[in-house]
There are 2 protein chains.
Amino acid sequence: MNIGEIARRAGVSRSTVSYVLSGKRQVSAEIRDRVTAVIEESGYRPSATARALAQGETRTLGLVIPPMRHHLSVDQLHFVGAVAEAAADHDYDILLSPSGQDRDRAFERMLGERRVDGVIVMETLLHDSRVSTLIERGFPFVTIGRTGSGQEHGWVDLDYAGLVSEGVGKLHALGHRDIALVNRPQELLDREYGPAFRAADAFDKAVVELELHGVARCCDDDDDAAAACVEAIFAAAPAVTAILTINERSLAGLVTALAERGSRVPEDVSVLAIASARNAMSLRPKVSAAEVPAERMGRHAVEALLRRLAEPEGELAHVLLSPPFVDRESLAPRPG
Amino acid sequence: MNIGEIARRAGVSRSTVSYVLSGKRQVSAEIRDRVTAVIEESGYRPSATARALAQGETRTLGLVIPPMRHHLSVDQLHFVGAVAEAAADHDYDILLSPSGQDRDRAFERMLGERRVDGVIVMETLLHDSRVSTLIERGFPFVTIGRTGSGQEHGWVDLDYAGLVSEGVGKLHALGHRDIALVNRPQELLDREYGPAFRAADAFDKAVVELELHGVARCCDDDDDAAAACVEAIFAAAPAVTAILTINERSLAGLVTALAERGSRVPEDVSVLAIASARNAMSLRPKVSAAEVPAERMGRHAVEALLRRLAEPEGELAHVLLSPPFVDRESLAPRPG
DNA sequence: ACCGGTTCGCGAACCGGTTCGCTAAGAGTA
DNA sequence: TACTCTTAGCGAACCGGTTCGCGAACCGGT
């Protein structure tokens with residue numbers, strides 16, 4: 001069933017059917033009714049492909065997701081879902097592009113073959129080749145997380161630097177002087193993954209400013225790594241009485257590792273995290289944490305990108321979110 | 001940059017360029033080289049949209065994901081990632097279609113406007129309107145989870161019935177006679193969500209067959225619900241010494257709830273789960289569990305669908321996976 | 001020199017929409 | 001009645017590819 005068939009059955013031209021559908025020109029009530037009746041009874045819907053070709057826009061957004069072997073976090077999952085729903089609300093669809101081993105195949109295809117009108121890039125690095133490519137080609141996009149060249153494109157980001165200094169401040173206010181940071185995996189830090197990088201940086205600054213003794217450690221995204229990390233922390237700084245972690249995936253492992261080495265939370269060691277409430281709440285004690293607002297970020301990203309598509313010369317969106325820490329049961333004054 | 005421009009620069013016709021690209025007809029070495037040189041230097045890539053229109057296939061697969069408010073599980077996240085990667089390996093793309101409040105908008109658009117060549121349906125119900133729609137329209141698709149009309153379409157499923165009876169059998173073999181099942185939320189059971197339904201059914205059968213005292217309870221997908229569920233179970237059957245759960249999201253809550261009411265695992269109560277290793281391992285004690293093989297399921301689904309697209313009259317794929325239980329620290333013989 | 005068979009490039013039609021310019025019919029005015 | 005203006009439908013061109021039929025050029029054989 002195509003537009004020509006509808007036109008034939010309604011006894012009008014194809015262009016008239018098109019105008020009935022789009023409303024871009026006036027059509028007399030009589031003809032309009034006749035055409036809509038035919039469309040109704042035949043269940044006709046115009047082909048997205050043909051329209052995309054004619055109009056030069058696909059009404060599809062690309063979402064570049066991190067490779068699976070990074071084991072997407074719950075946050076990222078929520079983010080993907082939120083993006084899909086936000087896009088659907090605007091009658092856009094989401095095309096997934098896994099980056100990965102040969103990441104570029106899918107990414108290049110998406111751009112080169114013009115499958116999408118714009119792109120959302122997840123897990124952005126400070127120096128990100130995908131971002132450079134997009135800028136070079138003048139392709140509309142928004143990143144999750146800032147790059148080094150932050151002013152040249154739209155982004156939505158979580159203020160890791162702010163959260164980390166706020167977190168350290170909270171611990172400092174409780175009297176802690178020996179504080180550890182559990183960061184994301186070394187690999188991400190090496191690749192200059194923004195959150196890992198900015199967290200490390202902010203931690204160092206806060207430590208200097210507040211005249212604390214700080215120890216920062218990277219930790220792979222799993223529970224076994226957390227156990228090793230706890231060992232490393234206390235080996236390097238036995239006096240540590242507070243741990244701040246931005247590594248959600250290893251949070252459970254961190255808490256059990258502390259329990260297993262005989263450190264009570266929060267009597268001996270305070271724990272503060274940046275992690276989803278769902279995750280933090282299922283632990284004992286319930287861990288105080290600032291939540292990654294994945295859903296809000298998803299909606300912001302979609303809306304920023306759509307705004308850019310509507311107004312290519314408009315202002316670039318820079319959205320920096322800073323969710324509050326919520327106190328639960330893992331924080332206490334420094335012992336002794 | 002389009003195919004006409006390439007043809008002009010290479011001094012050949014558009015059709016010749018097309019044949020160079022597709023290799024569907026012989027082209028003399030001389031002309032082939034000239035054309036590829038021009039393509040190379042101009043960075044030309046054919047438009048996916050135009051090709052889709054001409055060939056009548058989009059080389060895109062639709063993935064219908066559950067609504068966000070169901071809070072996708074880690075498994076489902078992995079599944080989405082695996083699907084995207086498997087599709088990318090075959091140079092297909094994945095279009096997301098969130099089902100949800102007005103699920104039908106995105107789903108109908110995807111089908112009606114022919115944005116995709118085939119569809120993968122997640123979280124299938126025993127009586128699923130999406131499946132009926134797809135069958136009616138003769139649209140190629142594969143479901144994750146069987147429906148009631150299991151023989152009329154391809155599917156990939158986890159053998160929940162088998163896993164539950166195997167699990168009950170294991171507990172029985174350890175001497176347990178009073179066994180509880182923690183199922184997925186009541187809402188899913190009411191809507192006849194396959195895993196919840198089949199698990200409940202298999203549990204009842206196993207209980208009768210082995211002459212056990214069984215109690216089955218639904219549990220919402222969070223930790224608080226797990227606490228309530230534990231209370232309900234012991235209120236109904238104080239003698240329970242073993243719990244089998246297929247509710248991954250509430251597993252952590254289940255374990256802490258047991259600890260909080262003074263039941264030691266596994267000395268007083270054995271726990272057996274169907275859950276990702278990652279999740280089960282981060283608990284104390286480490287929970288014995290059969291793992292949902294999300295990644296394998298994703299690849300199977302994509303490959304089954306692609307096979308169907310290549311051979312519309314070929315056999316339907318029916319893949320039933322049954323991962324092994326792995327023993328960790330949560331199982332013990334019945335006390336006393 | 002003629003013939004039948006290959007090889008290979010070209011042009012045109014097609015996929016299913018959108019959009020622009022034209023014009024016939026009808027309305028309004030003098 | 002003649003003239004202008006507006007309204008609304010039609011046809012054709014276009015988006016950027018693919019595919020089919022045609023025929024020119026070249027081949028070897030007699």
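Remember, it's a predicted structure, so these values are computed and weren't measured experimentally. Labels below follow one simple rule: chain letters A, B, ... track the order of the sequence lines, proteins then strands, and each chain is numbered from 1.
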- Query: Given dA8(D), is OP1 or OP2 found less than 4.0 Å from the side-chain N or O atoms of Gln26(A)?
  - Reply: yes
- Drop me the distance from Ile144(B)'s CD1 to Phe79(B)'s CZ, to the nearest 0.5 angstrom. 3.5 Å
- Side-chain contact check for Ser47(B): nearest option of dG16(C), dG16(D), dG9(C) is dG16(D)
- Under-4.0 Å side-chain N/O to phosphate OP1/OP2 contact, Ser28(A) with dG9(D): yes
- Item | Salt bridge Glu30(A)-Arg34(A), side-chain N to carboxylate O under 4.0 Å | yes
- Does Arg114(B) reach the main-chain N or O of Ala48(A) with its side chain, forming a donor-acceptor pair under 3.5 Å? no
- Message: With nearest nucleotide decided by heavy atoms, which residue, Gly11(B) or Arg45(A), maps closer to the 5′ end of DNA chain C?
- Response: Gly11(B)
- Message: Using the rule side chain to side chain donor-acceptor pair (under 3.5 Å), only one of Asp93(B), Thr49(B), Thr58(B) pairs with Arg115(A); which is it?
- Response: Asp93(B)
- Query: CD of Glu57(A) to OH of Tyr92(A): how many Å apart, nearest 0.5 Å?
  - Reply: 5.0 Å
- Note on the structure: The dot-bracket string of DNA chain D, counting Watson-Crick and G-U wobble pairs with both distances under 3.5 Å, using [ ] for crossing pairs and | for pairs to another strand, is ||||||||||||||||||||||||||.|||
- Note on the structure: With B for base contact, S for sugar-phosphate-only contact and - for none (protein heavy atoms under 4.0 Å), nucleotides 20-25 of chain C reads BB----
- Task: Looking only at side-chain atoms of Leu53(A), point me to the closest of dC8(C), dT19(D), dG16(C).
- Result: dG16(C)
- Asp117(A) side chain vs Arg59(A) backbone, donor-acceptor pair below 3.5 Å: yes
- Distance in angstrom units between Arg115(B) CZ and dC15(C) P, rounded: 21 Å
- So among Val64(B), Thr143(B), Val121(B), which one has a side chain to side chain contact (heavy atoms under 4.5 Å, CB included) with Leu134(B)? Val121(B)
- Selection from dG17(C), dC8(C), dT19(D) that lies nearest to any side-chain heavy atom of Arg14(A): dG17(C)
- Item | Spacing of Arg51(B) atom CZ relative to dC15(D) atom P, expressed in whole Å | 19 Å
- Item | Spacing between Ile39(B) atom CD1 and dG17(D) atom C1', to the nearest angstrom | 13 Å
- So does Lys24(B) get a side-chain nitrogen or oxygen closer than 4.0 Å to the phosphate oxygens (OP1/OP2) of dT19(D)? yes
- Query: Starting at the 5' end of DNA chain C and moving along, which residue's nearest nucleotide shows up first, Ser13(B) or Gln55(B)?
  - Reply: Ser13(B)
- Message: OP1 or OP2 of dC10(D) versus the side-chain N and O atoms of Thr16(A): is any pair under 4.0 Å?
- Response: yes
- Query: Any side-chain heavy atom of Val131(A) sitting closer than 4.5 Å to one from Glu152(A)?
  - Reply: no
- Item | Nearest-Å distance for atom pair CD/P, residues Glu57(B) and dT18(D) | 11 Å
- Task: Indicate whether OP1 or OP2 belonging to dT19(C) is found under 4.0 Å from a side-chain N or O atom of Ser18(A).
- Result: no
- From CA spacing to verdict: salt bridge (charged side-chain N to carboxylate O under 4.0 Å, His left out), Glu5(B), Arg9(B): CA-CA 6 Å; Glu5(B) 181 61 19; Arg9(B) 293 200 197 174; 3.2 Å; yes
- Item | Spacing between Ile6(B) atom CD1 and dT18(D) atom P, to the nearest angstrom | 13 Å
- Message: Could you tell me how far apart Ile3(B) (CD1) and dT19(D) (P) are, to the nearest whole angstrom?
- Response: 11 Å
- Query: How many Å lie between CD on Glu30(B) and P on dC26(D), as a whole number?
  - Reply: 12 Å
- Message: Measuring from the side chain of Asn2(B) (C-beta onward, heavy atoms only), which nucleotide among dG17(C), dC10(C), dG16(D) has the closest atom?
- Response: dG16(D)
- Asp91(A) CG to Glu113(B) CD distance, which is reported to the nearest 0.5 Å: 8.5 Å
- Task: Nearest whole angstrom, please: distance from the P of dT7(D) to the CZ of Arg32(A).
- Result: 15 Å
